[in-house]
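Here is the structure we will look at.
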Amino acid sequence: MEITAHTRALGLLGYPVTHSKSPEMLNEVCRILEIPAVYLAFQVEPSQLKEAVAGLRSLHFIGFNVTIPHKVAIIPYLDELDDTAQEIGAVNTVVNRNGKWIGYNTDGVGYLRSLQEEYELPLDQQTVTILGAGGAARAVSITLAKAGVKEIIIANRTLENANSLAKVVGNWTTTSTVSLTDAGQSINRSSLLINTTSIGMTPNVEGVPIPRAYLHKNLIVSDLVYRPRITSLLAAADKIGAKTHTGLGMLLHQAAVAVELWFGKKAPTGAMRAILEKEDSK
Ligand code: NAP
């Protein structure tokens, strides 16, 4: 699309950001939806975050995405948070609404949309074990709990972190915690297992967060790690006949929800997925 004096801007703030596929994906979205805007990735050091946000504000950006390590640190520089971002305590999408910066978190809803797109589950019948208790676990567990899953068990290396997340998630559903190494019984009675730890991510692709013997064939196994697309955990689940759900769908749908927030239009998810899958196969 032609860049003119009317072209506006969107971007990604992170550190590092050079691996991101968002610019390619979001510029294609702007082209398809005929939005006169460009999307760029900005490498912002933590000490420069405040100045960077002030710069985007004065340049009247349409909005921006926020990634590691700024998802929590961005909050003091915004004017408002929507309810979900407030509950999750982190922001990944910011929208400029008449000069006010509003923070959203699309990670949880992106995960849920992706899961339902692939498996149409009756949520009120799901017992879910979540491996990990960091930022992604927080977004996914709060969203699933609010959406009505029957029970959530949070299994984490540091039990203290699992306990503090469980206090919040327990506002909406039955919740308990266990250490990662003792998660066998919980997984045994679960229908959905979600890895939200970074174990298995490139370059340490051999890693699995739990012993393979904890898996069973009645599980749907989700892995938020999307590089590689088929992690060692998903390969092990597939091998014993369990269903699998890769992190690519969440990556796609969290961006699709951001597109809807910025432009008020349905995101062209087919084209977005094609870009992610093309990059994924490199
Ligand atoms: P985070 O806040 O740093 O949390 C990391 C979690 O992993 C913590 O619970 C941590 O346990 C656990 N962990 C890390 N290394 C471990 C190890 N060696 N052994 C056991 N547990 C370990 O990270 P995050 O932002 O939640 O991201 C987690 C993963 O999700 C990353 O791989 C990220 O790429 C992925 N993600 C994917 C999407 C997507 O769209 N597909 C979106 C967001 C995130 P402790 O509490 O014990 O430290």
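All values below were derived from every heavy atom in this structure, side-chain atoms included, with hydrogens, water molecules and symmetry-related copies excluded. Numbering of ligands and ligand atoms starts at 1, following listing order. These numbers come from a predicted model, not from an experiment.
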Heavy-atom contacts with Thr196 under 4.0 Å: which atoms of ligand 1 show up? List them by number with element. 28 (C), 29 (C), 30 (O)

Give a yes or no on whether a salt bridge exists between Lys278 and Glu28, defined as a side-chain N under 4.0 angstrom from a carboxylate O. no

Among non-hydrogen protein atoms, atom 19 (N) of ligand 1 lies closest to Ile199 CD1, 3.3 Å

I need the nearest protein heavy-atom contact for atom 23 (O) of ligand 1: residue, atom name and distance, please. Gly135 N, 4.6 Å

Using a 3.5 Å cut-off on N or O atoms only, is Leu180 in polar contact with ligand 1? no

Does Gln185, at its CD atom, have more than 12 non-hydrogen atoms belonging to other residues, nucleotides or ligands within less than 6.0 Å? no

Would one find an N or O of Arg157, backbone or side chain, under 3.5 Å from an N or O of ligand 1? yes

Among all the protein's non-hydrogen atoms, which is closest to atom 42 (C) of ligand 1, and how far away is it? Met250 CE, 3.4 Å

Give the atoms of ligand 1, by number and element, whose distance to some non-hydrogen atom of Gly132 is under 4.0 Å. 9 (O)

Between Glu118 and Lys243, does a salt bridge (charged side-chain N to carboxylate O under 4.0 Å, His left out) hold up when you go through it step by step? CA-CA 10 Å; Glu118 291 182 39; Lys243 297 190 174 83; over 6 Å; no

Among all the protein's non-hydrogen atoms, which is closest to atom 14 (C) of ligand 1, and how far away is it? Ser198 OG, 3.7 Å

Within 4.0 Å of some non-hydrogen atom of Thr158, the atoms of ligand 1 are 45 (P), 46 (O), 47 (O)

For a salt bridge (charged side-chain N to carboxylate O under 4.0 Å, His left out) check, start with the C-alpha distance between Lys146 and Glu87, then their side-chain angles and the critical distance, and finish with the verdict. CA-CA 11 Å; Lys146 288 178 77 177; Glu87 284 151 3; 2.5 Å; yes

Check each atom of ligand 1 against the heavy atoms of Ala133 and keep those under 4.0 Å away; list them by number with element. 9 (O)

Checking the N or O distance criterion of under 3.5 Å, is ligand 1 in contact with Leu224? yes

Can you tell me which residue and heavy atom of the protein come closest to atom 5 (C) of ligand 1, and the distance to 0.1 Å? Gly134 CA, 4.5 Å

Hey, is ligand 1 close enough to Asn156 that some N/O pair sits below 3.5 Å? yes

Of Thr127, Leu215, Val128, Asp223, the one forming a side chain to side chain contact (heavy atoms under 4.5 Å, CB included) with Leu193 is Leu215

Contacting atoms of ligand 1, where contact means under 4.0 angstrom from a heavy atom of Asn161: 45 (P), 46 (O)

Hey, which of Thr231, Leu251, Leu252, Leu276 is the one that makes side chain to side chain contact (heavy atoms under 4.5 Å, CB included) with Tyr226? Leu251

Heavy atom of the protein closest to atom 44 (C) of ligand 1 (residue, atom name, distance): Ala136 CB, 3.7 Å

Below 4.0 angstrom from a heavy atom of Val225, which ligand 1 atoms are there? Numbered from 1 as shown, please. 32 (O)

Closest heavy-atom approach to atom 40 (O) of ligand 1 among Ile154, Asn195, Leu276, Leu251 is made by Leu251

Quick one: do Asp79 and Arg57 satisfy salt bridge (charged side-chain N to carboxylate O under 4.0 Å, His left out)? Show the steps, please. CA-CA 11 Å; Asp79 298 308; Arg57 195 189 279 274; 3.1 Å; yes

Check each heavy atom of Thr197 against ligand 1 and say whether those closer than 4.0 Å belong to the side chain, the backbone, both or neither. both

If you scan protein heavy atoms around atom 33 (C) of ligand 1, the nearest is Met201 SD, 4.8 Å

Does atom 3 (O) of ligand 1 have a protein heavy-atom neighbour under 4.0 Å away? no

Testing the 3.5 Å rule here: is there a donor-acceptor pair between the side chains of Thr197 and Asn195? yes

With a 6.0 Å cut-off on the ring centroids, do Phe61 and Trp101 count as close? no

Would you say the side-chain atoms of His216 pair up with the backbone N or O of Ile187, donor to acceptor, closer than 3.5 Å? yes

